[in-house]
Colleague: 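Attaching a single structure in structure tokens format; questions to follow.
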2 protein chains.
Amino acid sequence: MSHNMEEIAARLRGAGYRVTPQRQLILDAVCELGGHVTAEAVYESVQEIVPSLNQGTVYRALNFFCDERIVTATRQPDGRTVYELAGQNPHHHFVCQVCGADYEVSQQMLRPLFERARQEYGFAVEMDHISFFGRCRECR
Amino acid sequence: MSHNMEEIAARLRGAGYRVTPQRQLILDAVCELGGHVTAEAVYESVQEIVPSLNQGTVYRALNFFCDERIVTATRQPDGRTVYELAGQNPHHHFVCQVCGADYEVSQQMLRPLFERARQEYGFAVEMDHISFFGRCRECR
DNA sequence: CTCCTTATTGCAGTTACTTGCAATAGAGAA
DNA sequence: TTCTCTATTGCAAGTAACTGCAATAAGGAG
Ligand SMILES: [Mn+2]
Ligand SMILES: [Mn+2]
Ligand SMILES: [Zn+2]
Ligand SMILES: [Zn+2]
């Protein structure tokens with residue numbers, strides 16, 4: 001996973017947002033830490049570079065990037081939220097509540113359901129990163 | 001929505017749990033308030049009958065009932081969790097993020113997806129009350 | 001009915017995240 | 001470069017929900 005900051009910056013500025021060093025550091029951290037990362041981990045990471053950078057700023061930036069669809073978020077059953085670069089391949093997850101096994105599944109897999117939602121209810125699901133919790137084969 | 005306390009109480013006692021007045025009040029409140037109800041609303045409701053009843057107890061009881069599959073919970077995008085009696089007809093929701101419109105959809109609708117999860121990954125999804133957020137026809 | 005084990009409660013403190021506000025600083029205009 | 005507007009930050013307080021611990025009480029045994 002990698003991100004093109006130039007491109008993202010241009011898009012954000014074009015929309016009237018500002019590209020601050022804090023936001024760049026935070027996005028870099030999400031990218032470099034890789035995979036599903038907690039706000040806490042991002043905070044600790046950026047903290048090492050700019051100790052004055054505030055936790056509130058981390059949360060706000062992460063939410064901002066989610067709104068802008070630059071990162072995705074999933075709420076875990078433990079109450080924490082994990083973030084990830086909303087890169088090239090949109091996907092969802094099947095997560096085992098017992099052992100934590102995590103199957104990444106493509107957007108495709110949910111298409112039939114979303115299609116039916118649209119046809120039967122005129123409803124357009126707008127979730128690009130869902131986690132379905134349950135049990136894997138071994139844990140049943 | 002209604003619940004048979006006798007039956008539930010017997011089942012809980014049989015499993016080694018205790019049926020306390022607090023738990024009964026809390027379950028009654030979820031039932032009587034009806035529909036999707038917040039912990040806050042439950043707390044205020046039981047508070048009127050037993051003012052000493054603690055918020056922590058409400059949260060613990062609600063989680064306990066969720067574990068026992070007696071109530072279901074959904075986390076809303078605003079961060080709050082709403083609870084509901086896990087009654088006769090298991091269902092999920094399509095919720096419009098703009099106007100709040102809420103389509104209740106039967107468990108059936110998700111069966112093909114869950115079936116595929118099982119066949120392709122050996123994964124058994126164990127979520128009985130999912131909310132899919134998006135936009136309704138009018139709000140698009 | 002009384003006793004005993006231990007599940008549950010009340011309480012207070014903690015965690016994860018959000019928010020109001022005054023100070024700061026992007027970034028477009030001149 | 002300088003000015004100006006206002007988006008964003010740091011800070012501190014606020015919120016929903018969770019948790020450790022000592023006191024309480026459910027409910028089975030006798
Ligand atoms: Mn992911
Ligand atoms: Mn429901
Ligand atoms: Zn597993
Ligand atoms: Zn709508």
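To find a chain, count down the sequence lines: A is the first, B the second, and so on, and within it residues start at 1. Predicted model only: the values in this text are computed from it and were never measured.
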Colleague: Report whether A:V46 and A:M5 are members of the same hydrophobic cluster (ILVMFWY, side-chain heavy atoms less than 4.5 Å apart, transitive linking).
Modeller: yes
Colleague: Going by heavy atoms closer than 4.0 Å, what residues in residues 6-17 of chain A are next to DNA chain D?
Modeller: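 Those residues are A:G16, A:Y17.
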Colleague: B:V42 and B:V50: same hydrophobic cluster, using ILVMFWY side-chain contacts below 4.5 Å?
Modeller: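 Yes, because B:V42 and B:V50 connect within a single hydrophobic cluster, where side-chain heavy atoms sit under 4.5 Å apart.
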Colleague: With under 30° as parallel and over 60° as perpendicular, where do the rings of A:Y17 and A:F64 fit, or are they tilted in between?
Modeller: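 A:Y17 vs A:F64 ring planes: perpendicular.
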Colleague: Roughly how far, to the nearest 0.5 Å, is the CZ atom of B:R80 from the OG1 atom of B:T38?
Modeller: 5.0 Å
Colleague: Please tell me if the side chains of A:Y121 and B:V105 come closer than 4.5 Å, counting only heavy atoms from C-beta onward.
Modeller: yes
Colleague: Check A:Q108, A:E104, A:Q107 against A:H92 for a side chain to side chain donor-acceptor pair (under 3.5 Å) and give me the one that passes.
Modeller: A:Q107
Colleague: For B:I70 and B:H3, run side-chain contact (heavy atoms from CB on, under 4.5 Å): C-alpha distance rounded to whole Å, both residues' side-chain angles, the deciding distance at 0.1 Å, then the answer.
Modeller: CA-CA 9 Å; B:I70 291 163; B:H3 61 289; over 6 Å; no
Colleague: In residues 60-74 of chain B, what residues come within less than 4.0 Å of DNA chain C, judged by heavy atoms?
Modeller: B:R60
Colleague: With clusters defined by side-chain heavy atoms of hydrophobic residues (ILVMFWY) lying less than 4.5 Å apart, directly or transitively, does A:L85 cluster with A:M127?
Modeller: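 As far as the 4.5 Å side-chain criterion goes, A:L85 and A:M127 are not connected within one cluster.
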Colleague: Between side-chain atoms of residues 130-140 of chain B and protein atoms elsewhere (two or more places apart, or another chain), which donor-acceptor pairs fall under 3.5 Å?
Modeller:
{"from": "B:R135", "atom 1": "NE", "to": "A:E126", "atom 2": "OE1", "distance (Å)": "3.2"}
{"from": "B:R135", "atom 1": "NE", "to": "A:E126", "atom 2": "OE2", "distance (Å)": "3.1"}
{"from": "B:R140", "atom 1": "NH1", "to": "A:G122", "atom 2": "O", "distance (Å)": "2.7"}

Colleague: For A:R18, what residues pass the side-chain hydrogen bond (donor to acceptor under 3.5 Å, both in side chains) criterion, not counting sequence neighbours?
Modeller: none
Colleague: How long is the line joining CD of A:Q24 and C1' of D:dA7, in whole Å?
Modeller: 15 Å
Colleague: Supply the atom-to-atom distance B:L25 CG to B:R23 CZ, rounded to the nearest 0.5 angstrom.
Modeller: 13.0 Å
Colleague: So which nucleotide from D:dG27, C:dC17, C:dG10 ends up closest to the side chain of B:T57?
Modeller: C:dG10
Colleague: Indicate, with a heavy-atom threshold strictly under 4.0 Å, whether B:T38 touches base, sugar-phosphate, or nothing.
Modeller: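 Nothing, no nucleic acid heavy atom in range.
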Colleague: Just do the salt bridge (charged side-chain N to carboxylate O under 4.0 Å, His left out) check on A:E115 and A:R111 with the steps written out, would you?
Modeller: CA-CA 6 Å; A:E115 205 44 61; A:R111 196 145 300 159; over 6 Å; no
Colleague: Does one hydrophobic cluster hold both A:Y59 and A:L53, with members joined at side-chain heavy-atom distances below 4.5 Å?
Modeller: no
Colleague: Is the closest basic N to carboxylate O distance between A:R11 and A:E68 below 4.0 Å?
Modeller: yes
Colleague: Looking at D:dT8, I'd like to know if its phosphate oxygens (OP1 or OP2) sit under 4.0 Å from a side-chain N or O belonging to A:R23.
Modeller: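 Yes, A:R23 has a side-chain N/O under 4.0 Å of OP1/OP2 on D:dT8.
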Colleague: How long is the line joining CZ of A:R18 and P of C:dG26, in whole Å?
Modeller: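 About 9 Å, once rounded to whole Å.
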Colleague: Whole angstroms only, please: what is the CD-C1' distance between A:Q76 and D:dA17?
Modeller: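 Between C1' of D:dA17 and CD of A:Q76: 16 Å.
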Colleague: I need the OH-P distance between B:Y59 and C:dG13, as an integer number of Å.
Modeller: 18 Å
Colleague: Quickly work out the B:Y43 OH to D:dA16 C1' distance and round it to whole Å.
Modeller: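 That distance rounds to 13 Å.
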Colleague: In degrees, rounded to 10°, what is the bend between the two ends of the helix from C:dC1-D:dG30 to C:dA30-D:dT1, using five pairs at each?
Modeller: 30°
Colleague: Counting side-chain heavy atoms from CB outward, which of D:dT8, D:dA17, C:dT9 is closest to A:T20?
Modeller: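 So the side chain of A:T20 is nearest to D:dT8.
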Colleague: From C-beta outward on B:P21, which listed nucleotide comes closest to its side chain: D:dA26, C:dG26, C:dT8?
Modeller: D:dA26
Colleague: Taking for each residue the nucleotide of DNA chain D bearing the nearest heavy atom, is the 5' side occupied by B:R80 or by B:Q22?
Modeller: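 The 5'-side residue here is B:R80.
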Colleague: For DNA chain D, which residues in residues 46-55 of chain A have a heavy atom at a distance below 4.0 Å?
Modeller: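 Going residue by residue through residues 46-55 of chain A, the ones with a heavy atom under 4.0 Å of DNA chain D turn out to be A:S52, A:L53, A:N54.
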